[in-house]
Amino acid sequence: MNLPRNNARILWRLPLLLGTALLLVPWMHLMWNATFGELVPSLRFRIKHSIAGLVVEAGHPLGWRDFLTGRYQKSLSETIGLNSPLYKWAIRWKAQTYYTLLDTSPFNNVVIGRRRELYEPTYTREYCQRNVASMLQKAEPWAARIRQIQDFYEARQKLFLYVISPSKAAAVPDALPRGYSCPAPEADRRDKVSAYRAVLQRHGVHYIDAASLVDNAGQSYSAPMFPRGGTHWNRLGATLAASALTEAVNRASGQTYLTPFSFSWQISYDSRESDRDLLDLLNLPIPDDHYPVPRVTTRSEPHLPCQPAHITAVASSFLFELAAALEQVACPPELHLWFYWDQKLFVYERNRRDQLPIDTSERRRDLLDWLDVLILEENEAAFPESSQVRKLYDFIGAETAAEASNRAAAPGERRSEETPARMDP
Amino acid sequence: MLFYEPLFLFAFLPTFYLAYLIVQRRGAVILLASVLFYFWSEPLFVPVVLLSAVLDHALALRIARAQQGSYAARIALAAGFVSNLAVLVHYKYTRFLIANLDALLSGLHVTPLFIPEIALPIGVSFIVFEKITYLVDIERRISRPAPDFATYLVYVFFFPKLLAGPIIKYHEMEQQLRGMPRARFDDFCAGMQRFIMGMAKKTLLADTLATGADMIFHDPVPGFREAWWGVLFFTFQIYFDFSAYSDMAIGLARMLGFRLRENFNMPYISCSISEFWHRWHISLSTWIREYLYIPLGGNRVPVGRRYLNLWICFLASGFWHGAAWTYVVWGAYNGLFLMLDKLFLLRLLDRLPRIAANAFAFAVVVIGWTIFRATSLEQAARFLEAMVQPTLPGTLAGVFVTNDMKLALAAAILICVAQHTPACVRLREIAVSASMRGFAIQSALALLFVAALGKALADPFHPFIYFRF
């Protein structure tokens, strides 16, 4: 059927014109904000960023150099897109379409496995390219360094524990996506942690293999140790590690530094925070968040007077759940977590978690004076190469050198012990 | 500034188009917008182009004044040719030439030469080739010099075709530049439709295929399966990416009332390499023919010399694509098959069923693209080896061909195959008809635009897991 001729020119092209009008909405928004919005800020249309995973840099680099190198142009174009009224809609509906219709991750830093199990590609790639022989070559000097760190602390009558946290890809390998290339031999994938443990034992390192602990417990507890929508262990897995940590600390110290506890758990379908950190990143308008997450209840006898242990941790994000588990017991420890050594400081005290900026003098104090226990954590996907271990080792090395230099100085020239020999770089 | 970027779509294009519709001096609006468009991307290169254009314009006037074929005309043309080529060589090939010279000198224990990094301006290859056509067209008396310098600058900087072609020869645009057409409603609609098709091809298909191709070509030693996936992804990525850009350029120009030549004509249905090069990057192959092959003698020279010229032209074409040996070998490879076509292959392929000839030509093209895409000749060899060893496993962890890539590949193949079928031709006719079916197709196009725009906005987003801290 043909449309009436006098209406034909415009009417039959109406869909196209409406589609084109889609460009005018963000254009008008931009023009308004760039003109009237600049003159009268209260008239600006503001877009609320509720996109998970979005990191907005403050301001544009604005200098001639930035313009000549293209940095300014790239930054401005990104900002225009980010502040467009269409942006949130675009992210969410791309995500939902990919997730629901294509069973594919919309973003390259989340992998969707079988049963919609979510992984970070860093962990899946590491798992699938494991090579124990190559790892062992690096593991020997690495374990020696960790032993040196241990010796440094034990010489100061501080406790030291090296914690190996688990990788979800290694813990739940059967859910890796069909067709995901995994060329590493099965023996290498399975035996990496046990081979590394043998090296640690040979070097006399005090460690907790939370990776194997969680792996074995998964079968006996018949509950998942990792949430479907998250990359970190869940509270049950972390509680098991916290329990092992508590026993190890108390055994090593010969006293009750950390309050012993027991725990029970039950399945809930209310995923929160790290239970859904990867799922949240997908930004699905209809989130697929109905999956089991263990809810843990701890029981402990408060011992009086309560003198919380001081724990300094140099660790990755796997310490969050472990610290949260420790905070549930009576007389919880005070824990200062130096996140990847120099990214953030998280302070767990009086049942609160505060996030503070890095202060190198505070870090030195935490690492040398304040602490009772030093926890050094490394994920099984990261050893033997993680930056936080290397940086702690360098710090210890600098301190040791400074102490040696102090001892070598003549008595009259000996520096005050209050003065640090060398500041952290 | 790329055509699917927010800055272009939400700021530059609506503002420019509004000005173009309102302001009487359309040429001035196009020129200002085009120079600004290019200055935004290449602030340091714009003055170079302007100076070069001043020289071109002066030389063009000299050529026009001199007698055709005279010494003065030829000297002026040569000066223009050399000055333009010098710009291209400086920015695109200096480092490549020096690196290869150093490789030779190192064998003689001579200290290697050092040159600082030279940033490659986007679109330089297209700009230089177009400027050469201006001088040659005038010398051949196909065109007259531009009425003024501003008109010539509009030709040089015309933003729809500036970054990635098509390569518009001056004589193809001369009349339109003189007339400076008005943008009519039908031009806007036809242009927008074309632009939407281009955006959809680019963001929905080409970018998805690119993710797959890049992932696999990152693997130094692919397996059989990975090699084939990677090569197929790239084969369709390059077509949809390049033709999409041409669609967007042609669409934008049409929105302004300009008609640019087509650049692609269903190349993957070709039944020979000769036919392929009549359908692929048509503006380049016609440029090569008119401005290189014919001056080398064309078909007027003896057969042997003719084939050699053909091969040289494709060698140059390969080199034009990039400063690396892979491009040179790719050009030589294509030149070889063109020679073989002339010798016997075309006659042989003509005797085969069309589908068999098409399959053969496609296979030759795919092998060529493998060389083209590889980061080195060594990688190209490894990929080609892997493609003929069905039991060869992959070695890189994390290679994962996802459903969106598979869907994009399937869609790409279907589009390439279906394009020339009567049903598809009929669909194109219905799309521009004032009927209910035309309305339905327009609605589908609008939805396609929404999807393409959404993906263009969403694709640069890479969520950071620790964003809460």
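Here the structure is a predicted model, which means the values were calculated and not measured. Residue numbers begin at 1 in each chain, while the letters A, B, ... track the order of the sequences.
The part of A:Leu17 that comes within reach of chain B is its side chain, from C-beta onward, which places non-hydrogen atoms under 4.5 angstrom from that chain. When heavy atoms are compared at a cutoff of 4.5 Å, A:Arg92 does not approach chain B at all. There is no contact between A:Leu18 and chain B, counting heavy-atom distances below 4.5 Å. Neither the backbone nor the side chain of B:Phe12 comes within contact range of chain A; no heavy atom of the residue lies under 4.5 Å from a heavy atom of that chain. Residue B:Phe8: no heavy atom, backbone or side chain, is found under 4.5 Å from chain A. Neither the backbone nor the side chain of A:Thr97 comes within less than 4.5 Å of any heavy atom of chain B. For a residue to count as touching a neighbouring chain, one of its non-hydrogen atoms must lie under 4.5 Å from one of that chain's; by this rule A:Met31 touches chain B with the side chain only. The contact between B:Ile196 and chain A is made entirely by side chain atoms (from C-beta outward), counting heavy-atom distances below 4.5 Å. Residue A:Glu78 does not touch chain B at all, counting heavy-atom pairs closer than 4.5 Å. With a threshold of 4.5 angstrom between heavy atoms, B:Phe449 approaches chain A through side-chain atoms but not through N, CA, C or O. Heavy atoms of B:Leu453 lying under 4.5 Å from chain A belong exclusively to its side chain. With a 4.5 angstrom heavy-atom cutoff, B:Leu407 touches chain A only via side-chain atoms. Both the backbone and the side chain of A:Tyr180 come within contact range of chain B, each with at least one heavy atom under 4.5 Å from a heavy atom of that chain.
Chosen from A:Trp89, A:Tyr98, A:Trp93, the residue pairing most often with chain B at heavy-atom distances under 4.5 Å is A:Tyr98. Options B:Ser443, B:Gly394, B:Ala444 differ in how many heavy-atom pairs under 4.5 Å they form with chain A, and the most are formed by B:Ser443. Counting heavy-atom pairs closer than 4.5 Å to chain B, the top residue among A:Leu176, A:Leu278, A:Asn108, A:Thr124 is A:Asn108. In terms of non-hydrogen atom pairs under 4.5 Å with chain A, the most contact-rich of B:Val401, B:Ile441, B:Leu396, B:Leu448 is B:Leu396. When each of B:His462, B:Glu42, B:Glu5 is scored by its heavy-atom pairs under 4.5 Å with chain A, the top score falls to B:His462. Contacts with chain B were tallied for A:Leu24, A:Leu23, A:Leu102; A:Leu23 has the most, counting heavy-atom pairs under 4.5 Å. Comparing B:Pro393, B:Pro460, B:Gly454 by heavy-atom pairs within less than 4.5 Å of chain A, the highest count is held by B:Gly454. For the set A:Cys182, A:Ser84, A:Ala34, the count of heavy-atom pairs under 4.5 angstrom toward chain B peaks at A:Ser84.
Taking the side chain to side chain contact (heavy atoms under 4.5 Å, CB included) definition, one finds that A:Gln129 meets it with B:Ala397, sequence neighbours left out.
Sequence neighbours left out, the pairs with a member in residues 93-107 of chain A that pass salt bridge (Lys or Arg N to Asp or Glu O under 4.0 Å) are A:Lys94-B:Asp459, A:Asp103-A:Arg116. A side-chain hydrogen bond (donor to acceptor under 3.5 Å, both in side chains) check over residues 392-412 of chain B, counting only residues at least two apart or in different chains, returns the pairs B:Thr402-B:Asp404.
Using a 4.0 Å cut-off between charged side-chain N and carboxylate O, A:Asp66 and A:Arg71 make a salt bridge. Contact check on A:Glu186 versus A:Arg130 returns no salt bridge, with no Lys/Arg side-chain nitrogen under 4.0 Å from an Asp/Glu carboxylate oxygen. In summary, B:Asp207 and B:Lys455 do not engage in a salt bridge, as defined by a charged side-chain N under 4.0 Å from a carboxylate O.
From B:Leu445, atom CG reaches atom CD of B:Gln193 across 5.0 Å, with rounding to the nearest 0.5 Å. Rounded to the nearest 0.5 Å, atoms CZ (A:Arg272) and CG (A:Asp280) are 13.5 Å apart.
Residue-level contacts of residues 14-21 of chain B with chain A, in order of numbering, are B:Pro14, B:Thr15, B:Leu18; threshold 4.5 Å between heavy atoms.
Judged by the 6.0 Å and 45° rule, A:Arg353 forms a cation-pi pair with A:Phe320. Because its NZ or CZ atom is not both nearer than 6.0 Å to the ring centre of A:Phe226 and within 45° of the ring axis, A:Lys168 does not count as a cation-pi partner of that residue.
Counting non-hydrogen atoms of neighbouring residues, nucleotides and ligands closer than 6.0 angstrom, the CZ atom of A:Arg114 exceeds 12 such neighbours.
Checked by atom type and distance alone, the side chain of B:Tyr38 pairs as donor or acceptor with a backbone atom of B:Ile122 at under 3.5 Å.
Inter-residue side-chain proximity for B:Phe188 and B:Arg184 is flagged as unmet; no heavy-atom pair is nearer than 4.5 Å. Within the 4.5 Å cutoff, side-chain heavy atoms of B:Met215 are placed close to those of B:Val399.
By the 30° and 60° cut-offs, the orientation of the rings of B:Trp229 relative to B:Phe233 is parallel.
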Item to complete: Start with the C-alpha distance between A:Ser274 and A:Glu321, add both sets of side-chain angles, then the distance that settles side chain to side chain donor-acceptor pair (under 3.5 Å), and finish with yes or no.
Response: CA-CA 8 Å; A:Ser274 73; A:Glu321 277 300 304; 3.2 Å; yes
